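To start, the structure under review is shown below, and the notes come after it.
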Amino acid sequence: KCNLCSDLGRCTSRPFYLHLLHVFQPHFGQCPHSDGSKIMTSPARQIAPILRVRALNKTFGNRSLFGLKSGVRAITEVSFDVAPGETLAIVGESGCGKSTAARLLLRLVRPDSGEVHIDGEKIDLTSNRVPRALRQSVQMVFQDSYASLNPRLTCEQIIAFGPQQNGLSGKDARALAFECLVDVGLEPERFAGRYPHELSGGQRQRINIARALAFRPRILVLDEPVSALDKSIEAQVLNLLCDLRERFGLTYVFISHVSW
């Protein structure tokens, strides 16, 4: 029994309280079982999932003519649903396969088996080319804000590069880059012409978020986006992500090493 405060409806958290979330937060759905025996979903919401993942598997290793000789099993039978506007958190220790799962969703790594559906459409995970629908609907914000930015390009060029490669004119891509800078709280006049090494860690991560927003995606995969930031900057970036989700109706897959 949970001794909730009658005035605030809150109490000191305990691990087993996670199984009671469907009682106190029915609109957010029931917390999945910790043993992973059931697909992670939100039964309280009768909404078709925007992202559906079924039985993703990935093993890294050497192969021979007769199959897998040796390897490391990164993820096994990963399945979950995410409804539009929801945030799914994937939390675990280092080396448990969190980032691998994220890269599989974007086809940065090819899975051994499994299915990914976006808006009910099955994504071809076996093709050598990343499907256009996946490229435009799902974007990723990486953990290392410096290594994920091209040091030879300005912030404006970094944000505009993707849309230009997908057919947008240079003028329109530049205007879009300025718009994305405003979306993440950076003044275009000050930051558009700067290079990554001229920015702080928090500012670089905002550029990463702006680059992801340039495609106007529906889903953002956030791979520990604040783990390398100071606590004060971390809070600012998390607040920014909350604001962007409300403004653009984004769906998040949030990967974290720490459970708050």
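Treat the numbers as computed from the prediction; the structure is a model and nothing was measured.
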Item to check | Passing option when Y252 is tested against V221, V141, L244 for side-chain contact (heavy atoms from CB on, under 4.5 Å) | outcome: L244
Checklist entry - Going only through I, L, V, M, F, W and Y residues with side-chain contacts under 4.5 Å, is there a path from M140 to I123? => result yes
Item to check | Shortest non-hydrogen contact between I158 and P196, atoms and distance | outcome: CD1-CG, 3.9 Å
Checklist outcome for this item: The side-chain contact (heavy atoms from CB on, under 4.5 Å) partners of C96 (sequence neighbours excluded) come to E93, K98
Item to check | Donor-acceptor pair, side chain of Q205 and main chain of P225, under 3.5 angstrom | outcome: yes
Item to check | Shared hydrophobic cluster for F178 and V184 (ILVMFWY, side-chain gaps under 4.5 Å) | outcome: no
Item to check | Side-chain (S256) to main-chain (V91) donor-acceptor, under 3.5 angstrom | outcome: no
Item to check | Ionic contact status for R206 with D183, cut-off 4.0 Å | outcome: no
Next on the checklist: Let's go through L149 and R211 carefully: what are the C-alpha distance in whole Å and the side-chain angles of both, what is the deciding distance for side-chain contact (heavy atoms from CB on, under 4.5 Å) to 0.1 Å, and is it a yes or a no?
Outcome noted: CA-CA 10 Å; L149 298 177; R211 177 177 60 183; 3.9 Å; yes
Checklist entry - Does a donor on one side chain sit under 3.5 Å from an acceptor on the other, for N208 and S145? => result no
Checklist entry - Are F215 and F142 connected, step by step, through hydrophobic side chains (Ile, Leu, Val, Met, Phe, Trp, Tyr) whose heavy atoms are closer than 4.5 Å? => result no
Next on the checklist: On a heavy-atom basis, which atom in V182 and which in P188 lie closest, and how many Å separate them?
Outcome noted: CG2-CG, 3.6 Å
Checklist entry - Can you find a heavy atom in the side chain of L168 that is under 4.5 Å from one in the side chain of L176? => result yes
Next on the checklist: Apply side-chain contact (heavy atoms from CB on, under 4.5 Å) to residues C155 and L186 and explain how you reach the verdict.
Outcome noted: CA-CA 11 Å; C155 295; L186 298 177; over 6 Å; no
Item to check | Nearest-0.5 Å distance, CD of residue E77 to OG of residue S113 | outcome: 6.5 Å
Item to check | Flag, side chain of R110 to backbone of R107, donor-acceptor distance under 3.5 Å | outcome: no
Item to check | Interatomic spacing from CD in E198 to CZ in R204 - rounded to 0.5 Å | outcome: 11.0 Å
Checklist entry - Which pair of heavy atoms, one from F60 and one from A74, lies closest together, and at what distance? => result CE1-CB, 3.6 Å
Item to check | Shortest non-hydrogen separation from A173 to A160 and the atoms involved | outcome: O-CB, 3.6 Å
Checklist entry - At what distance, to the nearest 0.5 angstrom, does CD1 of I209 lie from CG of L240? => result 5.0 Å
Checklist outcome for this item: Looking only at heavy atoms, the pair that brings G85 and T251 closest together is N-OG1, 2.8 Å
Item to check | By side-chain contact (heavy atoms from CB on, under 4.5 Å) - contacts of R73 (at least two apart) | outcome: T59, T76
Next on the checklist: Does V82 form a side-chain contact (heavy atoms from CB on, under 4.5 Å) with T87? I'd like the steps, not just the answer.
Outcome noted: CA-CA 7 Å; V82 188; T87 297; over 6 Å; no
Item to check | Distance (rounded to the nearest 0.5 Å) between T100 OG1 and R103 CZ | outcome: 7.5 Å
Checklist entry - Are the side chains of I75 and L104 in touch, meaning some heavy atoms are under 4.5 Å apart? => result yes
Item to check | Rounded distance (nearest 0.5 Å) linking atom CG of L153 with atom CD1 of I207 | outcome: 12.0 Å
Item to check | Donor-acceptor pair, side chain of D81 and main chain of R52, under 3.5 angstrom | outcome: no
Checklist entry - Mind checking whether L238 and L250 sit in one hydrophobic cluster, side chains of I, L, V, M, F, W, Y counted as touching below 4.5 Å? => result yes
Checklist entry - How far apart are the closest heavy atoms of P217 and A212, and which atoms are they? => result CD-O, 3.3 Å
Item to check | Contacts of type side-chain contact (heavy atoms from CB on, under 4.5 Å), residue R218, not counting sequence neighbours | outcome: I50, D119
Item to check | Hydrophobic cluster membership, Y146 vs L229, 4.5 Å side-chain cutoff | outcome: no
Next on the checklist: What's the separation between atom CD in E115 and atom CG in L56, rounded to the nearest 0.5 Å?
Outcome noted: 9.0 Å
Checklist entry - Are more than 12 heavy atoms from other residues, nucleotides or ligands located less than 6.0 Å from atom CZ of R152? => result no
